[in-house]
Protein chains: 2
Amino acid sequence: MATSTVENYLKHILLLSEGGGELVSMGALATSLSVVPGTATTMVKALADSGHVEHRPRQGVRLTAEGRRLALSVLRKHRLVETFLVTVLKMDWAAVHAEAEQLEHAISDEVLDRLDALLGHPDTDPHGDPIPSRQGKINSQVYATLATCAVAKPLRLVRITDQSAEFLQFAEQNGLLPGATVHVADRNLAAGLITLKPAKGPALALSLAAAGSILVQPAR
Amino acid sequence: MATSTVENYLKHILLLSEGGGELVSMGALATSLSVVPGTATTMVKALADSGHVEHRPRQGVRLTAEGRRLALSVLRKHRLVETFLVTVLKMDWAAVHAEAEQLEHAISDEVLDRLDALLGHPDTDPHGDPIPSRQGKINSQVYATLATCAVAKPLRLVRITDQSAEFLQFAEQNGLLPGATVHVADRNLAAGLITLKPAKGPALALSLAAAGSILVQPAR
DNA sequence: GAATCTATTTTGAGTAGTCAAAATAAATCC
DNA sequence: GGATTTATTTTGACTACTCAAAATAGATTC
């Protein structure tokens with residue numbers, strides 16, 4: 001059985017490679033896992049030995065088919081657990097990420113299947129992140145962000161990719177939940193910010209960085 | 001934060017000391033945790049250094065107040081998780097022990113409190129094992145067992161202390177669930193078995209060892 | 001085409017846990 | 001009261017991580 005350290009490495013490699021097969025650098029991986037780069041190198045070599053990843057020295061890592069399978073299963077656990085915590089236990093949107101981080105390594109496939117059924121087989125978690133299927137399929141549709149979408153057109157909010165509790169809290173307080181309708185009133189590249197007008201509630205300003213973590217699609 | 005190894009040692013010491021303050025031998029502890037005795041000795045010394053237990057060399061271990069507090073909190077998690085798995089996820093009575101063994105170390109106090117509320121603050125788990133309160137109080141009432149109780153008197157089944165999946169499966173198939181009414185038709189010390197007559201269903205024979213793990217109280 | 005900068009890898013050492021097997025202490029037996 | 005049995009402890013070694021800091025490889029600059 002894979003240790004939770006192994007599961008975490010694979011999950012972070014998956015997330016950093018954006019679903020595609022690009023190489024993930026040691027620096028990025030180390031930062032993402034909060035370890036020093038040397039640790040990431042050592043661990044990645046071990047992961048390569050066990051067949052979970054392919055390591056190109058000085059270039060980066062990529063998941064093998066087996067590594068990807070395992071990483072998707074961890075991601076599925078993480079996102080279903082988050083969904084359970086929010087919809088059944090009514091926990092705070094912003095707090096569930098940290099909880100799921102622990103539980104994703106302790107939950108069995110059997111429990112997961114029952115949780116999935118209880119929740120009605122959702123295909124996204126409360127933040128709009130797609131939940132991989134049992135077979136390892138995941139919706140990898142590319143959406144526009146508030147930093148890149150058309151101005152003054154009505155938009156439906158699909159997903160918040162920033163996992164930090166502070167940002168999620170801010171988003172919730174301003175009604176920026178998946179499903180909400182908004183439009184970008186103004187985008188000022190020079191100032192590095194956008195002005196957002198939610199369908200309900202007052203207008204608000206957002207940095208381009210923050211706007212980039214909110215994914216949208218044209219509303220009707 | 002205590003590692004899950006530490007949590008397991010403390011939990012097993014608590015269970016082996018029967019709630020009281022008796023010393024637990026290294027041999028018993030090692031067997032219970034499936035480690036060799038030398039490992040238990042080493043670990044217990046570390047636990048003594050961190051103030052969780054008191055170690056009397058060549059005699060045994062005992063929990064300190066702090067160790068007991070932590071052990072009870074782990075036991076509370078274990079038993080509430082078991083209850084959740086059976087009553088909400090409809091999992092098999094016999095399978096939940098192994099699941100809870102993992103989840104008890106990954107679940108936060110916040111999640112636990114919400115689970116507890118969702119379940120209506122139960123005071124026993126599906127096997128009849130008492131659930132410690134948030135404050136660390138636990139019902140330590142002493143019950144008779146089918147091996148020690150009066151013969152031919154009506155009894156209410158309160159608890160099954162054997163955690164093994166096989167025994168629990170057997171018990172379930174014969175209607176031996178907490179709350180069931182039975183009486184002991186015969187007890188044959190020489191043969192080492194008892195004959196049990198459930199209120200509903202046919203009579204069945206049980207070894208004294210098996211009978212000893214079924215706790216009962218006088219019915220009505 | 002050296003010199004420098006930056007990312008990565010290597011090396012050496014530490015922590016938390018484990019086992020196998022030898023040493024020791026306590027209890028029991030004759 | 002010695003000899004033996006049994007439980008416990010000690011010792012040395014291994015796995016799975018981790019970090020700090022030195023070495024190295026590529027890329028970049030002048």
Side-chain angles (χ1 to χ4, degrees), chain A residues 1-17 22-64 66-67 70-71 74 101-102 104-106, chain B residues 1-17 22-64 66-67 70-71 74 101-102 104-106:
Chain A
M1 248 290 290
T3 64
S4 49
T5 305
V6 167
E7 292 187 346
N8 270 330
Y9 273 81
L10 298 178
K11 186 184 68 172
H12 280 88
I13 294 168
L14 176 70
L15 292 173
L16 290 170
S17 62
E22 310 115 50
L23 287 172
V24 174
S25 77
M26 288 304 129
L29 182 57
T31 303
S32 176
L33 286 158
S34 305
V35 296
V36 299
T39 301
T41 300
T42 308
M43 196 60 202
V44 160
K45 289 210 288 187
L47 253 25
D49 285 347
S50 61
H52 290 107
V53 304
E54 183 191 338
H55 182 208
R56 297 269 177 83
R58 309 243 166 217
Q59 298 189 74
V61 242
R62 184 201 323 272
L63 293 174
T64 61
E66 171 59 13
L70 226 169
V74 176
E101 210 63 15
Q102 301 304 311
E104 67 189 8
H105 308 297
Chain B
M1 247 289 289
T3 64
S4 50
T5 306
V6 167
E7 291 187 348
N8 270 331
Y9 272 81
L10 298 178
K11 186 184 68 172
H12 280 88
I13 295 168
L14 176 71
L15 292 173
L16 290 170
S17 64
E22 311 116 48
L23 287 172
V24 173
S25 76
M26 287 304 128
L29 182 57
T31 303
S32 176
L33 285 158
S34 306
V35 295
V36 300
T39 301
T41 301
T42 308
M43 195 62 201
V44 160
K45 289 209 290 189
L47 253 24
D49 286 347
S50 60
H52 290 107
V53 304
E54 183 191 340
H55 182 207
R56 297 271 178 80
R58 309 241 165 218
Q59 297 189 76
V61 242
R62 183 200 325 270
L63 293 173
T64 60
E66 171 59 12
L70 226 169
V74 176
E101 210 63 15
Q102 301 305 312
E104 67 189 7
H105 308 296

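In what follows, every heavy atom counts, from backbone to side chain, and hydrogens, waters and symmetry copies are set aside. All chains are named by letter (A, B, ...) in the order of the sequence lines, taking the proteins before the strands, and each is independently numbered beginning at 1.
Rounded to an integer number of Å, the gap from CG of L33(B) to P of dA16(C) is 18 Å. Spacing between atom CG of L23(B) and atom C1' of dA7(D) amounts to 15 Å, rounded to whole angstrom units. At whole-Å resolution of the value, CG in L29(B) and P in dG17(C) are 14 Å apart. In this entry the distance linking NE2 of H52(A) with P of dA16(D) reads 13 Å, nearest Å. One interatomic measurement links the two molecules: CE of M1(A) to C1' of dT15(D), which rounds to 17 Å at whole-angstrom precision. As rounded to whole Å, 15 Å separates atom C1' of dG17(C) from atom CG of D49(B). For L47(B) and dA16(C), the CG to P distance is 12 Å, given to the nearest whole Å.
For T42(A), taking side-chain heavy atoms from C-beta onward, the closest of the listed nucleotides dT8(C), dT8(D), dT18(D) is dT18(D). When distances run from any side-chain atom of K45(B) to the nucleotides dT10(D), dT18(C), dT9(C), the shortest one goes to dT10(D). Closest to the side chain of M43(B), out of dA20(D), dT18(C), dT9(D), is dT18(C).
Two residues are said to be in side-chain contact when any heavy atoms from C-beta on lie closer than 4.5 Å; H105(B) and H105(A) fail this criterion. Using a 4.5 Å cut-off on side-chain heavy atoms (C-beta onward), V6(A) and M43(A) make contact. Counting heavy atoms from C-beta on, the side chains of H52(A) and E7(A) never come closer than 4.5 Å. Contact annotation: the side chain of V24(A) never approaches that of L63(A) to less than 4.5 Å [non-hydrogen atoms, C-beta and beyond].
Using a 4.0 Å cut-off, some side-chain N or O of H55(B) falls inside it from OP1 or OP2 of dT9(D). The phosphate of dC19(D) (OP1 or OP2) has a side-chain N or O of T39(A) nearer than 4.0 angstrom.
Judged by closest nucleotide on DNA chain D, P37(B) is the one of P37(B) and V36(A) placed further toward the 5' end.
For DNA chain D, the neighbouring residues in residues 2-11 of chain A, judged by any heavy atom under 4.0 Å, are T3(A), T5(A), V6(A), Y9(A).
Among all heavy-atom pairs drawn from A28(A) and S25(A), the shortest one is N-OG, 3.1 Å. The two residues N8(A) and L33(A) come nearest to each other via the heavy atoms O-CD2, 3.9 Å. The two residues T42(A) and G38(A) make their nearest non-hydrogen contact at OG1-O, 2.9 Å. A pairwise comparison of heavy atoms in H12(B) and S32(B) identifies CD2-OG, 2.6 Å as the closest pair.
Checking each of V74(B), V61(B), T64(B), L47(B) against L10(B) for a side chain to side chain contact (heavy atoms under 4.5 Å, CB included) leaves exactly one that passes, namely L47(B).
As judged by a 4.0 angstrom heavy-atom cut-off over every strand, G38(A) is placed among the base-contacting residues.
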Name the pairs: protein N/O against N/O of nucleotides 23-25 of chain C, kept only if under 3.5 Å.
unit_1  : atom_1 : unit_2 : atom_2 : d
dT24(C) : O2     : R58(B) : NH1    : 3.3
dT24(C) : O2     : R58(B) : NH2    : 3.4

